[in-house]
2 protein chains.
Amino acid sequence: MSNDERANRVPTSDDVALLAGVSRSAVSRTFTAGASVAPATREKVISAAKTLGYRVNFLARGLSQQRTNLVALIVSDMDNSLRARTVDHLARGLATLGFRPLLLPTEPGEDVGYLIDMMLNYNVNGTIVTSDTPPAEIAQECAAYGVPLVLINKPEVGTHVSNVSIDTATAGRLAAEELARVGCKRIAIASQRRASHTIAQRKAAFIATARSLGLDIVGDFQGSVQNYGGGAEAAEAFIASCIEVDGVYCVNDFMALGFLDQLRRLSDLRVPEDIKLVACDDIAEAAWQSYDITSIRQDPKAVADAAIAALSKRIEEPEAAQPHVIIPVTLIRRRTTGASDPI
Amino acid sequence: MSNDERANRVPTSDDVALLAGVSRSAVSRTFTAGASVAPATREKVISAAKTLGYRVNFLARGLSQQRTNLVALIVSDMDNSLRARTVDHLARGLATLGFRPLLLPTEPGEDVGYLIDMMLNYNVNGTIVTSDTPPAEIAQECAAYGVPLVLINKPEVGTHVSNVSIDTATAGRLAAEELARVGCKRIAIASQRRASHTIAQRKAAFIATARSLGLDIVGDFQGSVQNYGGGAEAAEAFIASCIEVDGVYCVNDFMALGFLDQLRRLSDLRVPEDIKLVACDDIAEAAWQSYDITSIRQDPKAVADAAIAALSKRIEEPEAAQPHVIIPVTLIRRRTTGASDPI
DNA sequence: ATGAAAGCGCTAACAC
DNA sequence: GTGTTAGCGCTTTCAT
């Protein structure tokens, strides 16, 4: 009843072979990269395939080739715009290379078992993790089943695993140097109670550099989560403490947004006149007029590309070394450290 | 050389059958929902599977069952936080029902052909589209190959397709009513030059209601894109026009953020004292202190759930009717229409 | 270069 | 309830 006579069944390579008057093998070869088919044959096959609307069934192909080209993307915190952007880049990059991303969202507290089931049930050829809870369990299963694994911004967990991380040491250092540069002496930190791996690292690097530059770190005010709300909490704690500072380091931009807003609402302190502020990540929101935050930029596309490169290398050469790739960061000066208001 | 003696090969149902001393069918039945296996047999199989680390290969299962449980998620604009959130809900909801989302990002201008290849190459059992460009071509291919399709916030495209949309009529109406309620008379609209489907609809509804309430719509200022930057552009156009208004309708929150920021920077007009503002979507950022925007809330989880429900119903009963599901919206009053500043 | 045949891992009739 | 058999759609030796 459709406008198309062959609508009721998806055509198979047999159908194409029949129509083209060749064998199924010829069809297969026509659609295989390094094939060896006579131009004439190939031509017949192509045209038959076109009229039938034939497409290779990758799942069947995967079954015989032991290669599905499916890649599991284990993701948490998708409402973090930086995360979402990274996932977007990952999915696009993977697609370009012929891989297909299976999106597996997860929450910090959630059961990891189902993720492992998914990876293994669907025979993924690789896994990229960019969730906040670094599941050692996943690494273990991947190792046991020989699934290449790439961790983004996670601690190293073994030799079977590739890591891609931003340069947290430089990120922390640049932030401290910037606060010193603009004359800060007494610094407060706004951070998260249960800091994630990279956050803890950049914070440690910040503290080390700050000390070496003679900055006093007079308080560490923490929010329960590393987002806008957490930043607001940190600001409340800071204001309640009545500690005087001339500079603040926020461990990420989201917290900085909340911190700034709450500071404005609950105090008369002005940024940057009374307090300078540096944050980290340079998400799009950091550049918004109402905030205009000096931040340490990380490039989510570079991170995604490196992760994909590491993964596909692992897939091609399973025994290759697993380097830890470090993605560089750069300081972006804005109004919160006195850079002139852009017009 | 691994810490695990069977590391070199993924166990198959044959391995399990052998170890359990049963047939492969028994293994299959043990892992099939409505099976009929003797408890003793099942027990043996389960334990053998556990010691071997066996998992059903869903791809092989899909091959024989004609059902992969893979669902294509065609997504654009992942850096829109509302979109990201919707995708997150979609992925989780699908996972709960045993479906696996294949993430296929796309850009408005991009070639749709590769998406279709992907859907068909991987034999997806369904497709959900939440990109901004509504590819009629996708709908056509889905129909031709019998792939159930659900469109989110897209125009209706045919009877084979399910639609899930927010209630744009109410969204537009509520916005106009709110501006009228707070005493506005002369209204400007901030919108996008090439409006997406729902944006165009909500705007039309807004205009209709505004007229019926006696509001004057004295200008429609447009940005090139429907995000922060586009809102800023709209504000610039508005300010340059020197048209006086006492109310502004922004077609979405992202534009409202940019509009407000640019208004603050380029003019002395204050919101809400001089101008009231209503936007749409109620994204998280709308509630941020620096903006605190009255908005029309849409619930991305409700949208995702409805889309999944529609899809899974379609998958179970391919011939079922394709209703257009409308998701309700609600007005959230905040400071930009004079709601008291929350503490 | 091409076809025949075996097999990827699984499920589903079908007999027992 | 269980094993046997055939087959899902494809790739890949192996002959030719």
Side-chain angles (χ1 to χ4, degrees), chain A residues 6 8-46 48-49 52-70 117 120-125 145, chain B residues 6 8-46 48-49 52-70 98 117 120-125 145-146:
Chain A
R6 37 91 186 153
N8 38 10
R9 202 170 59 80
V10 174
T12 83
S13 66
D14 257 332
D15 301 330
V16 177
L18 190 66
L19 179 60
V22 299
S23 76
R24 211 168 59 224
S25 320
V27 178
S28 173
R29 291 191 184 102
T30 302
F31 293 104
T32 300
S36 75
V37 205
T41 314
R42 149 173 255 106
E43 203 41 62
K44 282 190 294 186
V45 170
I46 297 273
L52 254 33
Y54 169 77
R55 256 126 175 152
V56 177
N57 181 332
F58 280 20
L59 269 20
R61 167 180 283 180
L63 196 56
S64 55
Q65 284 187 158
Q66 295 287 59
R67 167 142 182 182
T68 59
N69 282 335
L70 254 25
D117 284 345
L120 271 21
N121 282 331
Y122 279 93
N123 261 26
V124 301
N125 285 157
Y145 288 90
Chain B
R6 36 88 187 157
N8 37 11
R9 202 170 60 78
V10 174
T12 84
S13 65
D14 258 333
D15 301 329
V16 177
L18 190 65
L19 179 59
V22 299
S23 77
R24 210 169 60 225
S25 321
V27 177
S28 173
R29 290 190 184 104
T30 301
F31 293 105
T32 301
S36 78
V37 207
T41 313
R42 150 174 254 105
E43 201 43 58
K44 283 190 294 185
V45 170
I46 296 273
L52 253 31
Y54 169 78
R55 255 123 173 152
V56 175
N57 182 333
F58 280 21
L59 269 20
R61 168 182 282 180
L63 196 57
S64 55
Q65 284 187 159
Q66 295 287 60
R67 168 142 181 183
T68 60
N69 282 335
L70 254 24
D117 284 345
L120 270 23
N121 281 332
Y122 279 93
N123 261 27
V124 300
N125 285 157
Y145 289 91

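Labels below follow one simple rule: chain letters A, B, ... track the order of the sequence lines, proteins then strands, and each chain is numbered from 1. Predicted, not measured: the structure shown is a model, and the values here were computed from it.
- Every residue meeting the side chain to side chain contact (heavy atoms under 4.5 Å, CB included) condition with B/Ser28, not counting sequence neighbours, appears here in chain and number order: B/Thr32.
- At a threshold of 4.0 angstrom between heavy atoms, the contacts of B/Ser13 are confined to the sugar-phosphate backbone, with no base atom among them.
- Put simply, CG on A/Asp14 is 8 Å from P on D/dC10, counting in whole angstrom units.
- For A/Asn57, there are no side-chain hydrogen bond (donor to acceptor under 3.5 Å, both in side chains) partners at least two apart in sequence or on another chain.
- Contacts between residues 16-27 of chain A and DNA chain C, defined by a heavy-atom separation under 4.0 Å, are made by A/Val22, A/Ser23, A/Arg24, A/Ser25, A/Ala26.
- With the end axes of the helix from C/dA1-D/dT16 to C/dC16-D/dG1 each set by five pairs, the angle from one to the other reads 30° at 10° resolution.
- Inter-residue side-chain proximity for B/Leu18 and B/Asp15 is flagged as unmet; no heavy-atom pair is nearer than 4.5 Å.
- Among the protein residues, A/Tyr54 comes within range of the sugar-phosphate backbone only, with heavy atoms under 4.0 Å from sugar or phosphate atoms but none that close to a base.
- For B/Asn69, the side-chain hydrogen bond (donor to acceptor under 3.5 Å, both in side chains) partners are B/Arg67, not counting sequence neighbours.
- Reading DNA chain C from its 5' end, the first and the last nucleotide to sit under 4.0 Å from a heavy atom of chain A are C/dA1 to C/dG9.
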Sort me out a list of protein N/O and nucleotides 14-16 of chain D N/O pairs below 3.5 Å, or just none if empty.
none

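- Evaluation of the side-chain hydrogen bond (donor to acceptor under 3.5 Å, both in side chains) rule for B/Asn123 yields no partner, not counting sequence neighbours.
- Residue pairs meeting the salt bridge (Lys or Arg N to Asp or Glu O under 4.0 Å) criterion with at least one member in residues 21-46 of chain B, sequence neighbours excluded, are B/Asp14-B/Arg24.
- Applying the side chain to side chain contact (heavy atoms under 4.5 Å, CB included) rule to B/Leu19 yields the partners B/Ala48, B/Thr51, B/Leu52; only residues at least two apart in sequence or on another chain are considered.
- Using modelled atom types, no side-chain atom of A/Tyr54 and backbone atom of A/Val45 make a donor-acceptor pair closer than 3.5 Å.
- The shortest non-hydrogen separation linking A/Gly53 to B/Tyr145 is O-OH, 2.5 Å.
- Separation of atoms OH (B/Tyr122) and CZ (A/Arg61) is listed at 9.0 Å; rounding is to 0.5 Å.
- Counting heavy atoms from C-beta on, the side chains of B/Phe58 and B/Thr68 never come closer than 4.5 Å.
- Looking at heavy atoms from C-beta onward, A/Leu70 lies in side-chain contact with B/Leu59 at the 4.5 angstrom threshold.
- Taking every heavy atom of residues 55-70 of chain B and every atom of DNA chain D, pairs under 4.0 Å involve B/Leu63, B/Ser64, B/Gln66, by number.
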